[in-house]
Amino acid sequence: MINYISTRGAKVGEFSDALLEGLGEDGGLLVPEIYATVETSLLKKWSTLDYPDLATEVISCFASDFDKDQLSNICKDSYTTNNFGPGIVTIKNVKLSDAKTVYLLGLSNGPTLAFKDIAMQVLGNLFQNVLSEKGQKLNILGATSGDTGSAAEYAMREKKGISVFMLSPKGRMSEFQKSQMYSVYDENIHNLVVPGSFDTCQDLVKSVSNDLEFKQKFSIGSVNSINWGRISAQVVYYFFGYFRVLEREKKELMSPVTFVVPSGNFGNILSGFIAKSMGLPIKNLILATNENNVLDEFFKTGVYRVRSLDETFLTSSPSMDISKASNFERFIFDVTGRDCMQTKNLWDQLRDVGEFKIDSQVLKKIKKSSGVISGSSKHENRINMIKKVYNMNRLVVDPHTADGIFVASQNYDDSCPMVCLETALPTKFEETVNEALGFIPDRDESLQDIEKRQRKFVEIDSSIDALKRYIEIHAKPT
Ligand SMILES: *Cc1c(COP(=O)(O)O)cnc(C)c1O
């Protein structure tokens, strides 16, 4: 049986409890007590599985309270060709010069064209399952600046026992993102538009979630980037990508592979680190940030410093615009020997003075054991990389993916294959792609008219009372 604990010490329960709870009651993040170890013989068995079957195997390593057949049905329902196209996750060669080639792992073929669909689709079905067993309802409350909100809505529409209340800022989102999100018409999906910024939305969500009585009464839950269900579902594609690359390269099982991850809240790359901890032969995990280089700074200097609002830049890879990395606590917990007291002390320090520093010898050890290497990319780098990839391959990549490929090229390693994760499709960020290439990438036929679709949303005041009132009227009765 796999039990869950908080990084600051509290006991939590099992996978289904970790799914529904956000933070631990002590403010820490939820993690399994141990990670399963995947031996070579098991890797070999997994290497020929299709995506839904591999997802069943990997997720069951974290979910001992789920019946394997049940999990298999959930994965088969989530990872359909209809939802994600043939193969679910694809792989391509990308030439960077005559001597340099990387692989691109296509994670963005889902309904909202970003990698978040992969975890969110399975999360919707996991929730539905747990809720029906417990006879409970869930009202998901969240804030989005674009990708998370629509991925959540497309995953939770038509799910029994679940409603979604998603706050988005009145300006800021791209026309495509707005059209995508506000054209979900299902009765259980509520788009609440708030005057202000993403942070205004985020603060409202926090205030309501901190009202424990209200939270309990309306069974408020979340699907934000610290949700353990999302992290565990993302572990799958590191295994899947690894196997596909070995096939392409005709390499023996256990040969090392490096992954390159465009990073914001450290969720995606944390999943890669967990895959490595389970025994997947990952040589390096290359972390790419944009101008918001909180994480690059940490891996270069050992200083983890949360940025103020003024120091958080709005960039052309907006889904990586973060002032702190929500999942980082899980990583630090693991690489410093899973010491709850020490983790708590570091985050207390962060709360009190806005930063902490890891000793340089310790940092060296962390980098060696985790394989993490970091770099950052700026507007000019991503624009040039979009151009270069197009010129050499006739392939259009999105700005976030371009950040990853740029940092990969800066840290190019010809001793092992490098796999860059494609975190969104270029259609989602047409303006930046147009700036780089002078044209807008071809869209799937189903998306041609998306801007013309009717938009369904409700504007509310940016006040806690207004939000609570709306939820009181529209929440699923519990
Ligand atoms: C969310 C997102 C990221 C960042 O992922 P994290 O898990 O937060 O590190 C990168 N690119 C795109 C397109 C995203 O939507």
Side-chain angles (χ1 to χ4, degrees), residues 29 104-120 123 142-155 168 173-174 176-177 180-181 198 202 223-235 237-238 259-275 285-296 298-299 312 315-331 372 374-377 382 385-386 396-407 420-433:
L29 273 57
L104 191 64
L105 192 66
L107 303 176
S108 307
N109 307 318
T112 74
L113 319 187
F115 84 98
K116 292 188 172 74
D117 286 327
I118 295 197
M120 214 61 100
L123 191 66
T144 186
S145 54
D147 291 349
T148 308
S150 41
E153 294 186 358
Y154 281 77
S168 52
M173 281 175 13
S174 76
F176 186 90
Q177 284 177 317
Q180 192 175 57
M181 207 165 109
F198 169 68
Q202 183 84 332
V223 290
N224 58 20
S225 74
I226 58 162
N227 182 287
W228 176 258
R230 288 178 60 184
I231 300 294
S232 58
Q234 288 167 183
V235 175
Y237 53 69
Y238 285 89
F259 286 90
V260 188
V261 192
S263 293
N265 273 316
F266 206 83
N268 198 350
I269 196 165
L270 178 78
S271 297
F273 170 71
I274 293 169
L285 285 161
I286 300 186
L287 179 148
T289 72
N290 64 14
E291 289 88 336
N292 295 293
N293 62 352
V294 182
L295 290 166
D296 187 27
F298 171 79
F299 286 102
T312 309
T315 75
S316 48
S317 45
S319 305
M320 287 152 59
D321 292 348
I322 48 108
S323 56
K324 61 177 191 306
S326 322
N327 276 293
F328 192 53
E329 183 170 337
R330 286 189 170 113
F331 177 76
V372 176
S374 73
S376 62
S377 166
R382 82 183 59 97
M385 190 48 81
I386 293 172
V396 185
V397 292
D398 106 289
H400 308 78
T401 307
D403 284 332
I405 301 176
F406 174 74
V407 174
C420 297
L421 304 194
E422 182 183 47
T423 55
L425 291 191
T427 290
K428 228 172 168 172
F429 302 96
E430 281 175 347
E431 281 148 46
T432 304
V433 174

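Both counts, for ligands and for their atoms, begin at 1 and track the order of listing.
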When you measure from the side chain of T401 to the backbone N and O of T423, does any donor-acceptor pair fall under 3.5 Å?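 It does hold such a pair.
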Who pairs with [X] by side chain to side chain contact (heavy atoms under 4.5 Å, CB included), at least two apart in sequence or on another chain?
{"X": "N293", "answer": "T289, D296, R307, S376"}
{"X": "A402", "answer": "R382, M385, I386, V397"}
{"X": "A152", "answer": "M120, M166, V223"}

What residues come within 4.0 Å of ligand 1, counting heavy atoms only?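 Residues F115, K116, D147, P262, S263, G264, N265, F266, G267, N268, S319, M320, H400, T423, A424 each place a heavy atom under 4.0 Å from ligand 1, listed by chain and number.
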So, N292 and D321: side-chain donor and acceptor under 3.5 Å apart, yes or no?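 The answer is yes; a qualifying pair exists.
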What pair of heavy atoms forms the shortest contact from D403 to A288, and how long is it?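 Heavy atoms only, the tightest pair is O-CB, 3.8 Å.
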